[in-house]
There are 2 protein chains.
Amino acid sequence: MTASSSRQKIITAARRTFYERGYEDTSFADLAEVSGVPKGNFYYHFKSKAELLATVLRARVESVEGALQSWSTSIPMPQERLRRFVRMLTSEKEDLVRFGCPMGSLLMELGKKRQPELHEQARTLLDIYVGWAAGQFTELGQKPKASRILAERLLSRCQGVVLIAHAYGDTQLLNREVRDIEQWLAGFVC
Amino acid sequence: MTASSSRQKIITAARRTFYERGYEDTSFADLAEVSGVPKGNFYYHFKSKAELLATVLRARVESVEGALQSWSTSIPMPQERLRRFVRMLTSEKEDLVRFGCPMGSLLMELGKKRQPELHEQARTLLDIYVGWAAGQFTELGQKPKASRILAERLLSRCQGVVLIAHAYGDTQLLNREVRDIEQWLAGFVC
DNA sequence: GTCTATATTATGATAGAC
DNA sequence: GTCTATCATAATATAGAC
């Protein structure tokens with residue numbers, strides 16, 4: 001087994017388990033079990049648990065950047081791109097209802113940590129979404145300042161919906177509120 | 001120092017510190033420091049840390065019920081009561097921007113715990129707000145089912161706004177989005 | 001009821017053989 | 001690079017004197 005393979009197994013397991021149980025409640029013993037890599041090896045690949053988290057956050061950033069860029073090339077109309085973004089909530093509904101939003105969970109948990117650099121890295125994720133959404137609103141004819149506000153409002157609404165749907169474990173609520181956000185978005189199309 | 005005094009000091013310290021640092025990251029040593037009560041005493045008043053958390057959650061439930069009931073008697077118009085509710089976000093803005101929403105934080109953290117009864121207790125808090133808000137919408141002439149949906153939407157929007165404002169540490173964003181929610185609410189008045 | 005001292009366990013992290 | 005064994009620490013929880 002190559003080095004990068006073990007390293008990748010750890011990252012994959014951490015990404016999923018940090019999401020499901022939270023960062024603090026996930027031990028290296030847990031990750032060893034999930035990944036199949038003995039926990040002693042972890043310190044060959046990462047110098048600390050915080051560094052593993054930073055790596056997971058970078059991996060999430062790259063995933064998100066990749067998805068958003070691919071939409072920008074494959075979907076011509078900005079309003080369709082925004083719909084595609086909101087539709088993520090329904091296509092991922094099982095996980096979102098069970099575990100909440102991966103980004104939102106990290107933002108909340110890391111926002112309470114003593115190390116502010118971890119919170120900053122989680123905020124990078126949010127910034128990518130907000131910056132991208134603002135770009136779509138600008139293409140729809142909104143001024144830069146208004147675009148930023150609308151983007152923050154869109155992310156805010158998505159986060160709120162997922163949080164409540166997760167609290168109630170209610171998939172229907174999620175579906176219904178996604179439709180409401182889509183209707184709100186439709187007001188900016190014409 | 002009476003028994004109830006020590007007990008109350010622990011609850012007060014726990015309520016605040018669980019909010020600021022999260023439940024899991026708050027140790028009895030931390031609470032001993034904050035409350036001034038030696039940590040050995042904690043197990044005289046509470047049989048476990050989980051029981052202390054349950055007590056804190058009950059205290060929050062009582063606070064919320066008290067506030068909502070007092071509004072129902074002191075504020076005659078339901079639309080004014082809903083405004084009062086949303087205005088909480090601005091009157092508590094310093095804490096909300098620094099630490100997020102106390103209820104939202106607990107919902108997220110406890111939603112990832114193995115003990116589902118803790119998550120249920122946190123959801124009780126949410127249920128109280130949602131039930132109360134639904135009652136206000138009903139008084140405004142909405143049908144019961146629509147009232148429930150609007151109440152969930154209101155809580156969802158508030159939670160989302162606080163989460164994003166907290167992530168960015170942005171008080172202005174909070175103020176602005178609160179105004180937007182108030183405008184949305186105003187649509188149901190006439 | 002209050003406090004000190006301590007047991008117990010889990011975790012992040014390290015040492016060193018292979 | 002991989003794996004086992006182990007350290008050091010911090011946390012929950014308990015025992016028992018006062």
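From a predicted model like this one, the values you see are computed outputs, not experimental measurements. Sequence lines set the chain letters: A, B, ... in the order given, protein chains first and strands last, and positions in each chain run from 1.
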N-O pairing of A/R98 and A/E20 below 4.0 Å: no
Protein-nucleotide distance (B/L31, atom CG; D/dA13, atom P), rounded to Å: 12 Å
Electrostatic pair A/R153-B/D180, nearest N-O below 4.0 angstrom: yes
Presence of salt bridge, B/K113 and B/E24, under 4.0 angstrom: yes
Gap between atoms CD and P, on B/E33 and D/dA11 respectively (whole Å): 11 Å
Nucleotides 10-17 of chain C: protein proximity per nucleotide (B base, S sugar-phosphate only, - neither; heavy atom, under 4.0 Å): -SBBB---
A/E109 bridged to B/K112 by N-O distance under 4.0 Å: no
Atom pair distance, as rounded to whole Å: CZ in A/F42 and P in D/dT6: 21 Å
Phosphate OP1/OP2 of D/dT2 contacted by A/Y44 side-chain N/O (<4.0 Å): no
Under-4.0 Å side-chain N/O to phosphate OP1/OP2 contact, A/S6 with D/dG1: no
Protein-nucleotide distance (B/K113, atom NZ; D/dT12, atom P), rounded to Å: 12 Å
Spacing of B/N41 atom CG relative to C/dA5 atom P, expressed in whole Å: 14 Å
A/E152 with A/R148: basic N within carboxylate O range, under 4.0 Å: yes
Lys/Arg-Asp/Glu bridge criterion (N-O < 4.0 Å) met for A/R179, A/E182: no
